[in-house]
Amino acid sequence: ADEPAAHDEL
Amino acid sequence: MNIFRLFGDLSHLAAIIILLLKIWKSRSCAGISGKSQILFAIVFTTRYLDLLTSFISLYNTSMKMIYIGCSYATVYLIYAKFRATYDGNHDSFRVEFLIVPVGGLAVLINHDFSLLEILWTFSIYLESVAILPQLFMISKTGEAETITTHYLFCQGLYRALYLINWIWRFYFEGFFDMIAIVAGVVQTILYCDFFYLYVTKVLKGKKLSLPA
């Protein structure tokens, strides 16, 4: 699984 | 969004509000580590710069604004408004021993060598150790007010719930972020000693006091 482009977590 | 992440965020929000109200209502920051609160303000500032660049959701944006606002308000109350009640002698943890290694690590190990990403990584690593000055202060004073222990419990529970959220997201979405997970595990482990004291003492109505 790739890392997130934009971090969607707080 | 899943239930673990939602309750993790609500637990984090509760911790921030409990602390702010405790200081505001009692007009005192006795027993509170100002250094930890400065570190948390740095964590939120460096992590939420993406408020300026990307919009995820209303929930995401509003929670980030609340976290940043409350953390700066807390630092202001400790170092300005109720400065006279700040226990600087016991809040003596050398935070430079945290910031420098964390800063170095963020430059070495990150997902992308861009300014925003390095600052986000710095914020993730810093958050995992940001509570150390507070735990150190409690070990020096040998005790903590009960409301402070509730604050710490919510603060510790939030990242523990995030760990479950990451298991959930890996299983259902195939998503995982190794940097956040490793830092989150370290962060939660640092609370284990406190969790034990909280469950065995505070939940039984006793005051949290350490063998000095």
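Per chain, numbering begins at 1; letters A, B, ... match sequence-line order.
Heavy atoms closer than 4.5 Å to chain A are found in the side chain of D9(B), but not in its backbone. Interface remark: Y162(B) contributes side-chain atoms only to the contact with chain A (heavy atom separation under 4.5 Å). Looking at N165(B), only its side chain comes within 4.5 Å of chain A, counting heavy atoms on both sides.
Counting heavy-atom neighbours within 6.0 Å of Y196(B) OH, excluding the residue itself, gives a total of 12 or less. Remark: F7(B) CZ is loosely packed, at most 12 non-hydrogen atoms of other residues, nucleotides or ligands lying under 6.0 Å away. At most 12 heavy atoms of other shown residues, nucleotides or ligands fall within 6.0 angstrom of atom OH in Y171(B). Within 6.0 Å of CG in D193(B) there are 12 or fewer heavy atoms belonging to other residues, nucleotides or ligands. Counting heavy-atom neighbours within 6.0 Å of M65(B) CE, excluding the residue itself, gives a total of 12 or less.
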### Task
Before giving the answer on side-chain contact (heavy atoms from CB on, under 4.5 Å), spell out for L10(A) and H12(B) the whole-Å C-alpha distance, their side-chain angles and the decisive distance to 0.1 Å.
CA-CA 10 Å; L10(A) 290 178; H12(B) 195 189; over 6 Å; no
### H7(A) and I56(B): CA distance, side-chain angles, deciding distance, side-chain contact (heavy atoms from CB on, under 4.5 Å) verdict
CA-CA 9 Å; H7(A) 299 291; I56(B) 306 255; over 6 Å; no
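In terms of heavy-atom pairs under 4.5 angstrom with chain A, the leader among R47(B), R5(B), K64(B) is R5(B).
With salt bridges taken as basic N to acidic carboxylate O contacts below 4.0 Å, one links E9(A) and R169(B).
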